[in-house]
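One structure is given below, encoded as C-alpha cells.
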Amino acid sequence: MLELKMNVLGFPLLSLMIFLPVAGAFLLLFIRNGAAARWTALAFSIAELGLCLPLLLNFDSSIPHMQFGESFSWIAAWNINYRIGVDGISILFVALTTLLTVISIMVSWTAIQDRVREFMVALLFLEAAIVGVFVSLDLFLFYIFWEAMLIPMYLLIGVWGGPNRLYAAVKFFLYTLVGSVLMLIAIIAVYFAAGHTFDVLAIMNYKFDRAFQMVAFAAFFAAFAVKVPMFPFHTWLPDAHVEAPTAGSIILAGILIKMGAYGFLRFSLPFFPDAAVAWTPAIMVLSVVAILYGAYMAFAQTDFKKLIAYSSVSHMGFVTLGIFALNLQGLEGGILQMLNHGVSTGALFLAVGVIYERTHTRLIADYGGIAARVPVYATFLLIITFSSIGLPSTNGFIGEFTILLGAFLHKKVYAVIASLGIILGAGYMLWLYQRVAFGKITNPHNEHLADMNLREVAAALPLVALVFIVGLYPNAAFGVMHTSVSNLIQQVNAKMQSAPAVAQALGTIIGK
Amino acid sequence: MPSLYQQFLQSIKPVLPEAIIVAFALLVLIFDFFVEKKRKNILGWFGFAGVLAAAYASYHLMGLNGQFFGETLQLDPFSTFFKFVFYIACGLGILLSINYLKVEDINRGEYYALMLLATSGMMLMASAADLIVLYLGLELMALSIYILAGIMRRDNRSNEAAIKYLVLGAFSSGIMLYGMSLLYGITGTTNLSLILAFLRAADLTNPVVFLAMTMLVVSFGFKVAAAPFHMWVPDVYEGAPTSVTAFMSAGPKVAGFAVFLRVFLYALEPLRAHSTVIIAGLAVLTMAVGNIMALSQTNIKRMLAYSSIAHAGYALVGLAAGGPDGAASVMLYVCIYALMNMGAFGVVIMLRKAGERGEEIADYAGLGKTNRTAAFLMLIFMFSLTGIPPLAGFVGKFYIFKSAIQAGLVWLAIVGVLFSAISAYFYLRVIMVMYMKEPADGIELSVSPSLALALAFSVTAVIVIGVYPTDLLNYARASIAGIL
Amino acid sequence: MVNKLLFLYFASVILASAVLMITRRNPVHSVMFMLLLFFHIAGLFVLLNAEFLAAVQLIVYAGAILILYLFVVMLLNVDRESAAPRANRFWPWMAGFGVLIAGEALLLISRGAFPVEDGQSMRLAGGVRELGETLYQRYLVPFEIASLILLVGLVGAVMLAKKKVKEE
Amino acid sequence: MIKYAFIPLLPFTGFLIAGLFGKYLKEKAAYFSIAGVIGAFILAVNAFFDVLGGAKLYENFYSWISIGAFSVNMGFQIDQLTSVMLLVVTTLSSLIHIYSVGYMHGDKGYPRFFAYLSLFTFFMLVLVMANNFLVMFVGWEGVGLCSYLLIGFWYEKKSASDAGVKAFVVNRVGDFGFVLAVLLIFLTFGTLDFSAVFASVGTSLTNQTYHLFGGEISVVTLIALLLFLGATGKSAQLPLYVWLPDAMEGPTPVSALIHAATMVTAGVFMVARCAPIFSMSETAMNTVAIVGGLTAVFAATIGLVQNDIKRVIAYSTISQLGYMFLGLGVGAFSAGIFHLTTHAFFKGLLFLASGSVIHALSGEQDMRKMGALKSKIKITWAVFMIGTLALSGIPPFAGFFSKDEILWSAFNAPTIGPLLWSLGAIGAFMTAFYSFRLIYLTFYGASRVDHEVAHHVHESPKVMTIPLMVLAFFAATIGFLGMPVIEHGNLFGEFLAPLFPHAEHAASHENAAAEIWAMIVSVAIALGGWRLASGFYNKQVPVWPARIADKFHGIYTLLLNKYRVDELYNYIFVDGLVHKLAKVLHSVGDVKIIDGFINGLAAAIGRTSERGRKLQTGYLQQYAFTMGLGLVVLVGLYYVLK
Amino acid sequence: MIPLSWYIMLSATLFTIGVVGVLSRRNIFIILMSIELMLNAANINLVAFSHYLQSLTGQIFVIFVITVAAAEAAVALAIIILLSRNRGSVYVDEFNIMKG
C-alpha cells in the first residue's frame with residue numbers, strides 16, 4: 001500500500017515549488033519595465049529549476065511511496081485536504097516542467113515584445129498550476145490545478161498567438177473543458193463511492209464495483225483523452241499549437257498534453273483496474289490509429305507547426321499504447337516517451353520559434369535551403385528531427401522501442417501496426433527537414449538569415465543534451481520510476497476483481 | 001421595570017435589522033429634501049452606513065432564534081445567512097450606484113431609499129414564517145424594484161423595462177396568490193410550520209396540493225428567473241439602469257431562492273417526490289435557455305442577463321438535490337453568484353459614461369491594453385462565472401453538482417457541467433474581446449472610490465472564497481443545519 | 001337554497017362582467033364592468049359572512065383603485081373609440097389557451113379534496129372586532145409591511161409621474 | 001580489453017572535432033578525422049591478432065536499458081567475424097578518408113564531410129562490434145543516418161537530398177522488420193545478447209509456432225525472415241534496393257564508403273552474425289538464397305544499359321550483394337563474408353577510380369561523353385582495370401576466388417542448387433559484360449569528351465592515387481586468402497569456421513575435380529562476357545549496341561529505366577499510400593468528419609441561439625403566455641407523476 | 001348549503017378570464033385590470049376558505065392583497081403615464097425596443 005511519506009527537509013519543498021512561481025507572478029505585477037520583467041521571470045524560473053536539485057537528490061527511488069509529502073486540512077466539510085507528494089513517476093514530470101519553463105522564458109526573450117509582464121505572469125502561473133497537477137494527491141486539489149491551468153494557457157494562445165488565435169484559443173479551452181467537467185462528475189462520484197474522500201492514496205485502495213468502474217473510467221477518459229490528445233479528440237491540438245506563441249507551444253506540447261497520460265497512470269489505472277482492462281482493447285486500437293493517423297496528417301501539412309502538432313498526436317499514440325499495454329515495459333516506456341516527447345517536441349517548437357522570429361512565416365514552403373545560412377540551427381534541427389524519428393542513441397528510440405516491446409508482449413498485432421508508424425515518422429520528419437533546410441534558397445528573405453544566437457543556443461543546449469543522455473543512459477530515468485511503476489502494477493493486480501490480466505513483467509511469458 | 005425605550009427595544013429586537021434598514025430608508029427620504037442635487041452621493045453613503053449598521057445588528061442577533069410576532073416571523077441561521085447576502089447585494093448595489101447615478105443623471109435620494117426598502121423586503125422574505133409575510137415581503141421588494149427599473153424616466157428602455165417587469169411581476173404574483181389561497185384552503189393555515197405539519201399527515205395525492213405547489217413554482221421561478229418564466233429577464237436587465245440591474249441580478253434572485261428553499265425544502269417537504277422532478281426539469285430548461293441564448297448576445301447586459309438565468313439553473317440543480325447539502329449548496333452558490341455577478345456589473349458600469357453607453361461587448365475591445373485593471377477584474381469575474389478554479393464560481397458549482405450526485409441526480413449534474421462548459425464560450429468572448437482585439441480608440445473609464453471599493457471587495461471575495469471556501473462553506477452548512 | 005340562488009346570481013354576473021370587461025373596446029366601459037364585478041364580489045363576501053371585507057372591497061377596491069384607473073384613463077385620453085384592434089392577433093389562441101387552463105384547473109379542483117367541503121357555515125365570533133384584533137396582534141408585522149408597501153407605492157408614483165419643471 | 005572500445009570511439013572523436021570545430025579548423029579538420037580512423041585501424045589490427053591468438057573479446061560497459069526482465073547492456077564483442085569486418089571497415093574507411101582529402105578539396109562543406117565520414121565509420125564499427133541486437137541496431141540505424149547525411153551532402157541539389165531521404169526511409173522499411181525481429185527474439189529467448197540467444201537456438205524455447213495469414217510458421221523462421229527484411233533494406237536487395245542507385249548522388253568517396261565498406265555490408269554481416277538462427281530454418285535460408293540470386297541477376301540486367309559510370313557500378317554492387325546473400329543462403333557463410341571482403345576492396349577501388357575519372361573530367365559522369373581516356377589518366381586506367389578484372393571474376397584477381405566459392409556452394413545446395421547456380425552464372429556473365437563495357441566506353445574507343453572539358457583532363461593528385469593503388473593491390477591479391485581446392489588453402493574460411501558450425505551446406509572440397517570443372521566454367525562465362533563487351537564496345541564507333549537496342553526497343557527502354565520500379569514505388573507508396581492518402585485523410589477525416597462534427601455542433605448550438613433570440617420577441621404578452629404555458633405544462637405533469 | 005367547490009370553480013374561472021385578458025388585450029389598462037381579476041379570484045378563494053375553515057387568516061390575507069393591489073396600481077399607473085408621455089401609446093405590443 002502506498003503511503004505518504006512526510007517531508008523531512010525542514011522546509012516545504014513541494015509547496016515551495018508550487019508557490020514560488022506564483023510569488024514571482026505577484027512580484028511581476030509591480031514591475032512595469034519589460035526587460036526587468038523578463039529577468040525577474042527568468043530568475044524565478046531558474047530558482048524553481050534549482051529546487052529540482054534537492055528534490056531529485058533527496059528522492060528515494062527504492063521505495064514506491066509518495067515522498068516530500070505535505071498534508072493539511074483545507075475544506076474539512078468535504079474532507080478535502082491540501083495533500084501533495086511525489087513518487088517516481090511524478091517527480092520526473094515536475095523536473096521536466098521546471099526545465100521547459102526556463103526554456104520557454106528564454107525563447108520568449110525577444111519574441112514577445114507586447115505586454116511582456118503579463119506574458120511572464122501567465123507563464124509563471126501556468127508553471128505553478130502544472131507542478132500542482134503533478135504533485136496533487138487529493139482529487140479536488142488536482143482538479144483545481146488541472147482547470148486553473150486553462151486560464152493562463154488560454155491567454156497565452158489568445159493574446160500572444162498567431163492570426164487565427166481566437167478560434168484556436170476557444171477551441172482549446174472548450175475541448176478541454178468539456179472533457180474535464182465530465183471528469184469532475186466522476187471525481188465527485190468517486191468521492192461518494194469511496195466513502196467521502198478525495199484522498200488519492202485512499203481511493204487507490206478502495207475497490208469499486210465493476211459497473212461503477214466502467215462509467216467512472218469513461219468519464220476520466222474523456223478528460224485525459226482530450227488532453228493527450230487521443231484520436232479522435234485531437235483536432236484542438238494542431239490549431240492550438242499553430243497559433244500559440246513559441247513558449248506556449250513548448251509548454252503545451254512539452255508538458256500539458258502529458259497531463260492526460262499522467263492522469264491515466266495516476267488515477268485511471270489504480271482506481272479502476274477492471275475497467276482499464278476492459279477498455280484496453282479499445283484504447284489500444286485508438287492508440288494505434290492515432291499513431292498512423294497522426295503520421296498521415298503530418299504528411300498533409302504545409303505549416304511547420306501543424307506538422308509537428310500532428311507528429312505529437314502520433315507520438316502520444318505511442319504513449320497511450322505503452323501505458324495500456326499494462327506491463328512494466330510498456331508503462332515505463334510510455335512514461336519515458338512522455339519525457340522524451342517533452343524534450344524533443346519542446347525542442348522542435350523552440351526551433352520553429354527561433355526561425356519564426358526571424359522570418360514571421362510558418363509555411364514550410366517559405367523556407368528551403370536555410371542550412372547553408374544557418375548551420376548551427378540546421379544542426380540543432382537535425383538532431384531534434386532524428387530524436388523525433390527515434391534514432392537509436394537518441395531518447396526517442398528508447399521510448400518507442402520499450403513501448404513497442406510492451407505492446408508486443410501485450411498483444412503482437414498492436415506493436416506490428418504501430419511499428420509502421422516508425423516508417424511514416426521518418427518519412428514526414430525527413431521530408432520536413434528536407435523542405436526546410438535543404439535545397440536552394442528559394443525565398444529571398446532567407447538570404448540574410450541570422451544563425452542562432454547565444455541565448456537561443458543556451459536554451460537549446462539542455463534539450464540536446466537530454467536527447468543523448470536519455471538515449472544513451474535511459475536507466476537514469478527508468479531507475480527513478482522502477483519502483484513506482486512496479487508498485488502501480490502490483491496495486492492494479494491486487495485490486496483486480498477478475499483474474500489479473502496485467503502482467504507484472506515477462507515472468508509469466510518467458511519463465512516457462 | 002424596564003423603561004419604555006427598553007421595552008420597545010426588546011420587542012423590536014427580532015426585526016431590528018429590518019427596522020434599521022427601513023429607518024435609514026425613511027431618513028434618506030427625509031434628508032433628500034435637504035441635500036442639494038450635486039451632493040446626493042452623501043445619501044448613498046448614508047444608505048451604505050445603514051446596511052453596515054443592519055449587518056452589525058444581524059451579527060449581534062445571530063444567537064436569537066425562533067418564531068416571533070405571532071409566528072409570522074422566523075429568526076434562524078438560515079434567514080441570517082440570507083440577510084448577509086442581501087447586505088452584500090445592497091451594499092455593493094449602493095456603491096456601484098453612487099457615481100453611476102450622476103452619469104445617468106438620475107441622482108436622487110429616492111433611489112437609495114427604494115433600494116433599502118427592497119432589501120428590507122428581501123430580508124422579510126428570508127425570515128418569513130407565514131405565507132402572508134412572504135407575500136408582502138415579496139411585493140415590497142418587487143414594487144421597489146419596478147420603480148427602480150423605471151427610474152430613468154425619460155429613457156424609453158427604462159420605461160419599457162419597468163412596465164414589462166411590473167405587468168409580468170404582477171401576473172406572477174397573481175398566480176402565486178392563487179396558489180397560496182389553495183394551499184391555505186387545504187391546510188387551513190398560512191403558517192409554514194403548520195403547513196408542514198399538516199402535509200406530513202395529509203393525503204398527498206390530492207391534485208389541488210399539486211396545483212398549489214405548481215403555482216408557487218411558477219411564481220418563485222419567475223423571481224429567480226427560471227425558464228420558461230425567465231423571459232422578462234433580458235429585457236428588464238437591459239432596460240434598467242445598470243446599477244439596478246446589478247442589484248436586481250443579485251438581490252431578488254437570492255431572495256427568490258431563499259423562499260424557494262424555505263417553502264419547498266421545508267414547508268412543502270412532503271411533496272419532494274413531485275417537486276424534485278419539476279425543479280430538475282426547470283433546472284435543465286433554465287440552464288439550456290440561459291447558456292444557449294447567451295451565446296449570440298452582443299449587449300453585455302443582455303448577455304449577463306442570460307448568464308444569470310443560467311446560474312439560476314445551476315442553483316435549481318442544488319434545489320432539486322434537496323436535503324441539507326442541497327440547500328447549503330444553493331446558499332453557497334447564490335452568495336458566490338451575487339459577489340461575482342455584481343463585480344461583473346461593476347466593470348460594466350465603469351464603461352458607462354456620459355454620451356456613451358458602453359454596453360456592447362464590442363465596446364470592450366482592447367480594454368486589456370487601455371485599462372489593465374478593469375480588464376483583469378472582468379477576466380477574474382468571467383472565469384469565475386464560468387466556474388474555473390481556483391475562483392469562487394468553481395466552488396459554488398462544485399458544491400451544487402456534488403449535492404446533485406449525492407442525491408442521485410447524476411444525470412442532472414452531467415447536464416449541468418456540459419452547459420457550464422458551453423457557457424465558457426460566451427464568457428471567454430468577453431475576455432477575448434478585451435485582450436485579443438485592438439482598442440478602437442481610447443476608452444476612458446468612469447472610476448470612483450465607491451466603485452473601486454465595490455470591485456475590490458468582490459474580486460477579493462471571489463478569489464479568497466475560491467482558494468479558501470472552508471469558512472463560508474461551513475457557515476452555509478451550519479445555517480441550514482437543524483432547519484431541514 | 002336561497003343562498004345557492006344568490007351565489008348563482010353573483011357568480012353569473014361576476015363571470016359575465018369579467019368577460020365583458022376584458023372584451024370592451026373602450027377602457028371606460030371596461031372600468032364600468034369592473035365596478036359591477038366588484039359589487040358582486042362584495043355580495044359574495046356578504047354571503048360568506050365577511051361583511052367587513054365586502055365593505056373594504058367596495059370602498060378601497062371600487063372606490064379608490066378603480067377610480068384611480070378611471071382617472072388615469074381619462075387623463076391620458078385613451079377612452080375614445082379607436083380603430084386599432086383591441087386584442088393582439090393571437091387572441092383566439094389565447095382564448096383557447098384560457099379554456100385549456102380553466103379546464104385543467106377545474107379538472108384538478110373537481111378531483112381535489114378540501115378539508116371542509118360542505119361544513120356548516122356559521123358566523124365567526126366577533127366579526128370585525130376579532131378581525132381587528134387578529135390583524136393588530138398576530139399580523140402586526142404584515143401590517144407594518146403593508147404600510148411600507150403603500151409608502152413605496154406613494155414614493156414611486158410621485159417620483160415617476162410628477163413632471164419636473166426643470167426637466168422639460 | 002577496454003581499449004577496443006576506442007575502435008569506434010576514435011572515429012567518433014574525429015567526428016566531434018571535425019563537426020564542432022570545423023568552422024575554425026577548415027581543411028585541417030580532415031587530419032583529425034583521418035587520425036581517428038587510422039587509430040581505429042591500428043586497434044583493429046591489434047584486435048585481429050588477439051582473435052587470431054584465440055582471445056574472446058567480450059565486454060559490457062553498463063546496463064543500457066533495464067526494465068524488469070528486459071535488460072540490455074551497452075557492450076561489445078570481437079570474434080572472428082567482427083575482426084574481419086573491423087579490418088575491412090577501417091582499412092577502406094582510412095583509404096577513403098585519405099582519398100577524400102584530394103577529392104573534396106575546395107568544397108565548402110569540407111569539414112562537415114569529414115565529420116560525416118568519421119561518424120559513418122563510427123556507426124559501422126558499432127554495428128559490427130555490437131554484442132547484442134539492440135546495440136547493433138544503434139549502428140544499424142546510425143549508418144542509415146549517415147548515409148542520409150552523406151548522400152544528401154550537396155543538399156542544395158534536390159536530387160541529392162531526395163536520395164538521402166529515400167535512403168533513410170527505405171531503410172526504415174527494413175528496420176521495421178528488424179525491430180519486430182528483435183521484439184520477437186526477446187519474447188522468445190528473454191534476452192537480446194547474441195551469445196545467449198544463439199546458445200538457445202534449437203532448444204525448446206524455439207519450438208513454438210505462430211499462425212500467420214492462415215499458415216503456420218515456426219518462430220525461428222519468423223525471426224529469420226524479419227531479420228532478413230531488415231537486411232534487404234540495408235543491403236539493397238529486392239525489393240528494397242531502390243535507394244542504392246540513387247545513393248551515388250553523394251560525393252564519390254561516399255559512394256565508395258557506402259557501397260564497399262559500410263552500410264550495404266551491414267545486412268550481409270547481420271545475416272552472417274545470425275547464422276545460428278538462419279541455419280535453423282530452411283525456409284529462411286532458401287528465401288535468402290533466392291532473393292540474393294534474383295537480385296544478382298536483376299540488378300545486372302539494369303547495369304547492362306546504364307550510361308552513368310557510377311550508376312553502372314552501383315547496380316553492380318546490388319548484384320554483388322545478391323551473390324553474398326546467395327552464398328549465405330546456401331549456408332556458405334564464410335564464402336559470403338569472403339566475397340564481402342574482396343568486394344569491399346575492388347568495389348571501393350572501382351568507385352574511387354570512377355571518382356578519379358569524374359574528377360579528371362570536371363564532374364562528367366555520363367559514359368557517352370567519355371572515351372579514349374586510357375592515355376590521359378594512366379594510373380586510374382590501371383587500377384580501374386584491376387578492379388574490373390576482380391569484379392568480373394577473372395583469375396587470379398580477388399573477385400574470382402570469392403565468387404567462385406559462392407557459385408560452387410550454390411551448385412552443391414540441395415534441391416534448388418542448380419537453379420541458384422544458373423542464376424549466379426547468368427549474373428556473372430552479365431557482370432563481366434557490363435564491367436568491360438564500362439572500361440571500353442570510358443578508356444577506349446573514340447573520345448566523346450566535350451572540348452572544353454578535354455583541355456582539363458588530368459590525372460588526380462597523389463593523395464587520391466595512392467589510396468587507389470593500395471586498393472588495387474588488395475583487389476588483386478586478397479583473393480589468395482581463400483584459395484579453393486587446395487587443402488588449407490582457404491585461410492579465410494578456416495578463420496571464420498568456428499562461428500559457423502551450423503553451416504551444413506558449406507561446400508565440401510572433397511570433390512576437387514568437379515570443383516575445378518565448375519571453376520573453369522565460371523571463368524569461361526566471365527571471359528565470354530568480356531569478349532562480348534569488347535566485340536560490342538571496343539570500337540571507335542560501336543554500332544551493335546544501337547542496333548540491338550533498336551531491335552529490342554521495349555526491353556532496352558525497360559532496362560534503361562530500371563524496370564520503372566522507382567516510378568512504380570513512387571506511384572504506389574509515395575504518391576498513393578502516403579501523400580494522396582494523407583491529403584484525403586486530412587481533408588476528410590480531420591477537416592470534414594472530426595472538425596466538421598465539432599464545428600457543426602458548435603454551429604448548431606449557435607444557430608439554436610440565433611433562432612432562440614427570435615422567440616424572445618420583446619412582446620410582453622408573449623412572455624406572459626410562455627409563463628402560462630409553463631404553468632399548464634407543469635400542472636399537466638400531475639398526470640404523468642401521479 | 002353552497003358547496004365549497006362552487007366558490008373555487010368560480011374563482012378558477014375568474015382567474016382564467018383574467019389570464020386570457022392579460023394575454024390577449026393590447027391596452028395596458030385592460031391588462032392591469034385583468035390582473036386585478038386574478039387577484040380577486042384569489043380573494044374569493046381566501047374568503048371562502050376562511051368562511052369554511054372558520055379561520056380569520058383568509059380574510060386578513062385579503063386585506064393585505066387589496067392593499068398591495070392599491071400600491072401596485074399606483075406604481076403601474078405612474079409608469080403608464082411615463083410611457084404614454086414618452087411614446088404616446090398605451091398598447092403593450094408597441095413596447096418592444098428590447099428583444100432577442
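For the side chain to side chain donor-acceptor pair (under 3.5 Å) test, residues two or more places apart in sequence or in another chain that qualify with D:Tyr623 are B:Asp235, D:Gln616. Scored by the side chain to side chain donor-acceptor pair (under 3.5 Å) test, E:Ser89 finds E:Glu94 as partners (sequence neighbours excluded).
With a threshold of 4.5 angstrom between heavy atoms, E:Val22 approaches chain D through its backbone and through its side chain.
E:Lys99 NZ to D:Arg613 CZ: the interatomic distance, rounded to the nearest 0.5 Å, is 10.5 Å. To the nearest 0.5 Å, atom CG of residue D:Leu620 and atom CG of residue E:Asn96 are 10.0 Å apart.
Put simply, the side chain of D:Gln621 reaches to within 4.5 Å of the side chain of E:Ile31, judged on heavy atoms.
Atom OH of D:Tyr571 is surrounded by 12 or fewer heavy atoms from other residues, nucleotides or ligands within 6.0 Å. Heavy-atom neighbours of D:Tyr210 OH from other residues, nucleotides or ligands within 6.0 Å: above the threshold of 12.
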